[in-house]
Amino acid sequence: MSTSDAPQPVKLSLPLEYQQDLFQELRAEDEVVILARGLGLMRIITNLLHSYDAAGNNLIVVVGAEDRENGWIGEALAEHAAISAAAKARGLTVVNTDFQSVGAREKMYAVGGIFSITSRILVVDLLTGLLAPESITGLVVLHADRVIATSLEAFILRVYRQKNKAGFLKAFSDNPDPFTIGFSPLSAMLRNLFLKKASLWPRFQVTVARSLEGRKKAEVIELEVPMTDHMKEMQTAIMECVEVSIHELKKGNTGLEMEDWNLDSALLKNFDTMVRRQLEPNWHRVSWKTRQIVNDLTVLRGLLNSILTYDAVSFLQHLDTIHAAHSPPPGSTRQNQSPWLFLDAAQTIFDTARRRVYAARPTKKISEESNIDALEPVLEELPKWAQLAEVLEEIDRDLYFDPVPRDDSNGTILIMCSSHDTCRQLRDYLQHMHIKPKKGNSNPEEAEDMGDEDKPSATFIMRRKLRNYLRWKSQFAQVSQTLFAENQQALRGAADTRPSRGGKPPNKRRRVRGGGNVGAMMGRADNGSIQQYFEKPGEVADLMAEVQITEEEAQQKPDIVADPLDNMDDYYQLFEMQDLVVVHAYDGDQDEHVLEEIKPRYIIMYEPDAAFIRRVEVYRSSHNDRNVRVYFMYYGGSVEEQRYLSTVRREKDAFTKVIKERATMSVVMTVDSHGAEDPQEAFLRTVNTRIAGGGRLAATAEPPRVVVDVREFRSSLPSLLHGRSIVIVPCMLTVGDYILSPNICVERKSVNDLISSFKDGRLYNQAETMFQHYKSPMLLIEFDQNKSFTLEPFADLSGSISSVNPGNVSNDLQSKIVLLTLAFPKLRIIWSSSPYQTAEIFESLKAQEPEPDPITAVRAGLEKDQSAEDQAFNQEPQEMLGIVPGVTPQNIKNIVLETENIREVANMSEKELEPLVGQTAGRKIHGFFNRNVMEEADD
Amino acid sequence: QALAKPSGGSSILVSPRQRGNPVLTALKSIPWEYSDIPADYVLGLTTCALFLSLKYHRLHPEYIYTRIRNLQGKYNLRIVLTMVDIPNHEDPLRELSKTSLVNGVTLLLCWSAAEAARYLELYKAYENAAFTAIKGQQASTYADRLTDFVTVPRSLNKSDAIALVANFGSLRNAINAEQEALGMISGWGGTKVKRWVTAVEEPFRVKK
């Protein structure tokens, strides 16, 4: 390992050739590295950071790291430091909340070391000088693909480069896609990053390929698992729904670029985001129906995935919930419902899903009425389960014949799947696959099944699931009844109130159907949409009897839902690594750790994942003495397969494109335009043109200044203002978002903000407080750069008198703006088509005004004894609290000051709430949290 | 004078200058009549509006200033109803923003004659309206409130809200639920569980 030019010999953990090459390159110069996913980006970053950390005496900032990456870097740095016994290494300090006070942060920065700082805090600290840009040794930017011109990270880099020309700057990304969108994207990105060089490492790069495709290749066995007919049927039906939805979208939105909106692209992972992005410029103007369909597409695509991952019963349950949530609002017509619910295909989905779980019993004699409703469980299993069992058996045999591990690996079997849900499902399956519940009323026909006793099956867990499902379903019926009582009444005609057979009190929820074709027909509501199906008590009883707990099942330990880890000591013991089967979910870079720690001999990829394959390759190539055999499972002809293939293709295409652009790209000059202030500009400011001859009387040489609320740093406006060489003073403001001058205070609202703040009355209150403290409050309505510069169309332009009747203030935005201006005639409105324009407008507004005073701005709106820091609230829980009935803008302060969080409020009794909000409100709040829809329904 | 009781009381007064403006043909749901007034439209006792087309403004930039001056600060709410009918609107709009601050007029943008007419109608109709509509309204039924409450954290949707109460019965139970139990709900992946738990546990006030 050559680390010759490192300031101090450090031990690195980069065994492969391409990793070492990359590391040397990074030590030598500033560049952006785009590495194909799965090739160990984090490992290179941690090694690099360690090489600086070990040298000590520096201040390095990691920008854009997520929580888990922070965890990873922290751990890795500590580990490295221990291995190479670097005395000077100080590890990672994470600054990610406002928990650390200003003073504490300042001290930490003074000490130095490696910091990972949340962008919002970092930019504020850089601007306030808490962390002087000059003192930084270097920046490491993760997720470089997210650094777009208006982003916070770009702002950080600009502030840094403006003051600090010597420090290093290295950017990393494992996602080449964003570097291919738009006009000469790579050079644009480099400009944002203030870098000149891009270093690309796709999987097909020569060094990478050589490192991974040596003698030590991993052995891969591909297993194509066929889907069952039911699954295929449902997949086709859902695809049909998707197709119709796309068609509806096209119909409703002519003039959009939609050639590539077809079924094939609908399979892609980001289809709905793609559609959304296309509609984005007009999102606030598209019709209600279009939005509905876009949402439907997300739901349908989710379903496509669930077919493959959920077991039959869970899928049905999921479908029930989705259906309930999509049930139409009261008094609705066909027009405002999800169109796919009207299709025959939708019926197929619901029917087939049910038929996978239970079906009508093939009755020999149709005589008694009770028998007509008889159902029996079908409980289709997922095909991959059987395949998995088979593979495990094969491995077992393998181990039996060749018991001595030939190498360093543990002989553990690692099963990788896509989500924790699947993990749980597989664990469950593996645990119970050899338990066969003997049927109590064993039929002679079933006896032949019992022949192959040891064949693994999921009957046990499926039966348990069905029991839970039936229990859940009866509860769910009641819940959805209480929740949507009025809807159902509006929907169902008088016919449904007929008493049911058997003289039992009629359950309002149940439809009365003709006997006969049990479980086959789906009801349709009066308006043609699909009605939710609820089993009759007779059917439920039957099914329940079928899946009654048998002796064998009863012997099993009850299913532990939440493992409290209470008596760890009693149960704790070490297992031989040899015997372990580990089920794990794909977790990005974390998977490398899993491989290193478990050292598996066999890996079963339950679902395909391109990045993981590479990780296995890297793992295999990094260790001479470890053999790995990989089983790779996928459903043939399924969405899963297609999606996998297309991601691989897309990545390759993206890299090819970027490489091409790099070859033809002109040199990117990173001379920062706002480095030093233009001396001419500085001079002109000292001259007051209003005084003839340009006397230097009142004007100052002070650069223009804007006080900005720290919360506003989420938007791009502060960055753009800074770009126009205006000094940004970040402060915690109670009133207004931007203070342009002692008189001018601006509240910024994007169109969506505007709608929501009208809805909850926030804007009205904000306007009131602004008028208490400033002479000229202004409301800035800011449209997005890429969105159209218009408001949504009026709901009703027909011109009938009722449409303007003050009694029914309609929901359109314009009428609310009218009310706002009537309420505050002195409130000025700024209309801006983009943040860029806003920056210009601000500049011209404050041209002749004196500069604002940050201290006065912070004091505005505060009580005498309050300090600004007390005002730091978390937005989200407060917003939730605001929705609770009984909570008003007046009493919300009391609650927030006196209680800790939502959970505490929810657990308070009426008595405890009373002193805070009064009796009535207290009862309302208590009632909201404690209303139990299940119990109510029983009454 | 303009402040005198308008003849109809319920009609919009229009200056004869506006003759031929397509806005007038779109003005349908409220009666209007010509009257000799300094503003273009009088929309109530204390409200008046000037109409400005950006196309015209580009040719005669001084026009609007004369008109604003002629209002002589009468009327409490002075609106400049600006029709955006040119593509490169940035410069005139920046200038008008400045004007609105200096001269004390309120800028409203519209993009078509119909929209302009609608604004005028709304001002007249809301002349005496209460402001309850913008003081904050909340959903009334339990189901709606519930959905609103649960969907505040990002990535939680309506189906999740219903699944939540369908599994736990009450919100209180759902709020007190263990992460494991939340994960058992169909459709609730790791992200959703995490977001929900953070939202209910996150302190209202930032700790120091």
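Labels below follow one simple rule: chain letters A, B, ... track the order of the sequence lines, proteins then strands, and each chain is numbered from 1. Because the structure is predicted, anything quoted here is derived from the model rather than measured.
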Could you look at B:Leu108 and say if it's the side chain, the backbone, both or neither that has a heavy atom under 4.5 Å from chain A?
both

Which residue out of B:Leu93, B:Leu101, B:Thr47 racks up the most heavy-atom pairs below 4.5 Å with chain A?
B:Leu101

Most contact-rich option vs chain B, by heavy-atom pairs under 4.5 angstrom, among A:Ile781, A:Asn930, A:Asn907, is A:Asn907

By a 4.5 Å heavy-atom criterion (distance strictly below it), what part of A:Ser834 contacts chain B: side chain, backbone, both, or neither?
neither

Atom group of B:Ser100 that falls short of 4.5 Å from chain A, counting heavy atoms:
both

Does any backbone or side-chain atom of A:Val299 lie under 4.5 Å from a heavy atom of chain B? Answer side chain, backbone, both or neither.
neither

Taking the six-membered ring of B:Tyr34, is the NZ or CZ of B:Arg19 close enough (under 6.0 Å from the centre) and on axis enough (within 45°)?
yes

Do the non-hydrogen side-chain atoms of B:Asp40 and B:Arg67 ever get within less than 4.5 Å of each other?
yes

Report the option among A:Ile830, A:Leu822, A:Asn743 that has the most heavy-atom pairs separated by less than 4.5 Å from atoms of chain B.
A:Leu822

Please step through side-chain contact (heavy atoms from CB on, under 4.5 Å) for the pair A:Glu849 and A:Ile744, ending with a clear verdict.
CA-CA 9 Å; A:Glu849 299 271 341; A:Ile744 307 176; 4.0 Å; yes

What part of A:Phe315 gets closer than 4.5 Å to chain B, counting heavy atoms only: side chain, backbone, both or neither?
neither

Evaluate the ring-ring contact (aromatic ring centres under 6.0 Å, His included) criterion for residues B:His57 and B:Tyr63: first the C-alpha distance (whole Å), next the side-chain angles of each, then the deciding distance (0.1 Å), finally the verdict.
CA-CA 7 Å; B:His57 180 68; B:Tyr63 160 80; 8.6 Å; no

If only side-chain N and O atoms count, and only distance matters, is there a donor-acceptor pair under 3.5 Å linking A:Tyr310 with A:Thr422?
no

If you count heavy-atom pairs within less than 4.5 Å of chain B, which of A:Phe824, A:Tyr836, A:Tyr764 leads?
A:Tyr764

Does A:Arg903 use its side chain to pair, donor to acceptor, with the backbone of B:Ile175 at less than 3.5 Å?
yes

Under 4.5 Å from a heavy atom of chain B, the part of A:Leu763 involved
neither

Where on A:Glu840 is there a heavy atom nearer than 4.5 Å to chain B: the side chain, the backbone, both, or neither?
both

Within the distance-only criterion (no hydrogens, no angle test), does the side chain of A:Asn901 pair as donor or acceptor with the backbone N or O of A:Glu904 below 3.5 angstrom?
yes

Side chain to side chain donor-acceptor pair (under 3.5 Å) filter on B:Lys55, not counting sequence neighbours, yields none

Which residues in residues 78-88 of chain B have any heavy atom closer than 4.5 Å to a heavy atom of chain A?
none

Could you check B:Thr46, B:Val105, B:Leu43, B:Thr106 and say which one makes a side-chain contact (heavy atoms from CB on, under 4.5 Å) with B:Leu77?
B:Thr106

Between A:Leu827 and chain B, with a heavy-atom cut-off of 4.5 Å, which part of the residue counts as in contact: side chain, backbone, both or neither?
backbone

Can you confirm whether B:Lys98 is buried at NZ, in the sense that more than 12 heavy atoms of other residues, nucleotides or ligands lie under 6.0 Å from that atom?
yes

Tell me every residue that passes side chain to side chain donor-acceptor pair (under 3.5 Å) with B:Glu202, counting only those two or more places apart in sequence or in another chain.
none

Going by salt bridge (Lys or Arg N to Asp or Glu O under 4.0 Å), name the residues that satisfy it together with B:Glu127, two or more places apart in sequence or in a different chain.
B:Lys124

In terms of heavy-atom pairs under 4.5 Å with chain B, which of A:Ile817, A:Leu820, A:Leu845, A:Thr899 leads?
A:Leu845

